Amino acid sequence: MALIVDVFPARDDNYGYLVHDEATGRTAAIDAPETAAIEKALKARGWTLTDILITHHHIDHVEAIADLKASYGARVVGPKAEADKIEGLDDLVGEGDIVSVGDAKFEVFATPGHTLGHIVFYNAEGGHLFSADALFSLGVGRMFEGTPGPMWDGVKRLRDLPDATLVYCGHEYTASNARFALSIDPNNAALQARAAEVTALRDAGKPTIPFNLGEDKKANPFLRADAPELAQFYGLSGADAGEVFGAIRKGKDTF
Ligand code: ZN
Ligand code: FE
């Protein structure tokens, strides 16, 4: 039986996700952005929350933990490396660990950079990647805590996942990411196509999430930090891809 993913908006521009294991009925929230939005989604589906999987310590990803634990007694799984920054974690996980939600399995990858202990959850069987603020459509999260080299290494690991993977990220930032990406990689046909699609989706009031990883590999400049044309754009031809990644990140910060 399959894993069902429910996508819903939360806060201003966050996404909330519920994953439901049909075989056992267990239901996990991926991050805890907002109590009301999560409860509304649960009610609409008729599901009961059993687990919460947390990616990083920022308030827009953890704020509803206490409420949801009190209401449902849900088990809370989160990053070992941020245990001191997040209240209410029951199980601590890191790189290479497997989290089970009923029969569904989620592999944990470390993706340091946005925060140092940021983790993502990958369900290989269904081809679902919950990337939170580590990987966005056409972008990556702001580098608040990390350094370019390790952040690039983490992102590159995600790039190694199959092209058919569907990515569920933490925010609807795609349109602004597209504007920046086109400014540094204007001749990229895959990027132009995705940017046009994003404009059409947003004009129709639709989310750009989830997105196809294979398409993002061709269009997202942060997944193309080892492409010669991007190194050249920043005058870094021949430089280490991590250094180019850092230049792209800095470019986005001031765009
Ligand atoms: Zn964040
Ligand atoms: Fe966030």
Side-chain angles (χ1 to χ4, degrees), residues 5-19 28-38 41 52-68 76-89 92-95 106 108-122 128-148 150-155 157-158 166-178 180 198 202 207-211 216 220 222-223 245-246 248-250 252-253 255:
V5 182
D6 188 72
V7 180
F8 54 94
R11 305 178 78 98
D12 290 335
D13 54 25
N14 279 73
Y15 281 112
Y17 301 108
L18 294 174
V19 296
I30 310 290
D31 281 332
E34 185 191 355
T35 305
I38 293 168
I52 304 171
L53 276 48
I54 297 292
T55 59
H56 67 295
H57 68 81
H58 287 158
I59 189 73
D60 60 312
H61 298 258
V62 305
E63 196 172 56
I65 292 176
D67 282 351
L68 295 172
V76 187
V77 180
K80 196 174 357 195
E82 298 186 355
D84 58 336
K85 296 195 175 83
I86 306 170
E87 292 280 337
L89 296 183
L92 304 177
V93 295
E95 173 70 32
F106 295 85
V108 177
F109 296 118
T111 49
H114 178 67
T115 65
L116 273 178
H118 193 297
I119 55 174
V120 301
F121 298 97
Y122 174 59
H128 304 293
L129 172 66
F130 295 92
S131 63
D133 296 355
L135 176 65
F136 296 125
S137 175
L138 304 179
V140 296
R142 206 175 259 263
M143 193 172 69
F144 285 118
E145 297 178 10
T147 51
M151 190 170 183
W152 164 241
D153 288 341
V155 160
R157 288 273 310 287
L158 304 184
L166 285 176
V167 187
Y168 304 78
C169 61
H171 294 269
E172 181 59 66
Y173 289 163
T174 317
S176 107
N177 287 342
F180 169 70
V198 166
R202 298 310 288 154
T208 64
I209 305 309
F211 60 95
D216 207 57
N220 185 340
F222 292 94
L223 294 183
F245 182 93
I248 302 172
R249 189 53 265 176
K250 208 170 178 184
K252 175 69 165 74
D253 289 346
F255 182 65

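Every number for a ligand or one of its atoms is a count from 1 in the order of the listing. Excluded from the calculations below are hydrogen atoms, water molecules and symmetry mates; all remaining heavy atoms, backbone and side chain alike, are included. In this text the structure is predicted, and so the values were computed from the model without any measurement.
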query: Between Arg249 and Asp253, is the closest basic N to carboxylate O distance under 4.0 Å?
result: yes
- request: Please check if the side chain of Asn14 supplies one atom and the backbone of His171 the other of a donor-acceptor pair under 3.5 Å.
  value: no
task: With 2.8 Å as the limit, jot down which protein N, O or S atoms are around the Zn ion (ligand 1).
output: His56 NE2, His58 ND1, His114 NE2, Asp133 OD2
message: Rounding to 10°, state the angle centred on the Fe ion (ligand 2) that links OD2 in Asp60 with NE2 in His171.
response: 80°
task: Could you tell me whether the Fe ion (ligand 2) has an N, O or S atom of His56 under 2.8 Å away?
output: no
- request: Measure from the Fe ion (ligand 2) to every N/O/S atom of Asp133 and report the name of the nearest one.
  value: OD2
message: Looking only at side-chain N and O atoms, does His56 offer a donor or acceptor that is under 3.5 Å from a partner on Glu145?
response: no
query: Does His61 put an N, O or S atom under 2.8 Å from the Fe ion (ligand 2)?
result: yes
query: Between Glu95 and Ala110, is there a donor-acceptor pair closer than 3.5 Å when you use the side chain of the first and the backbone of the second?
result: yes
statement: Given the options Ile38, Val62, Asp60, Pro33 meets side chain to side chain contact (heavy atoms under 4.5 Å, CB included) only with Ile38
message: Which residue in the set Val167, Ile30, Ile119 passes side chain to side chain contact (heavy atoms under 4.5 Å, CB included) when paired with Phe130?
response: Ile30
message: Regarding His58 and Asp133, do their side chains bring together a donor and an acceptor under 3.5 Å, going by distance alone?
response: no
Side chain His118, main chain Pro112, donor-acceptor under 3.5 Å: no
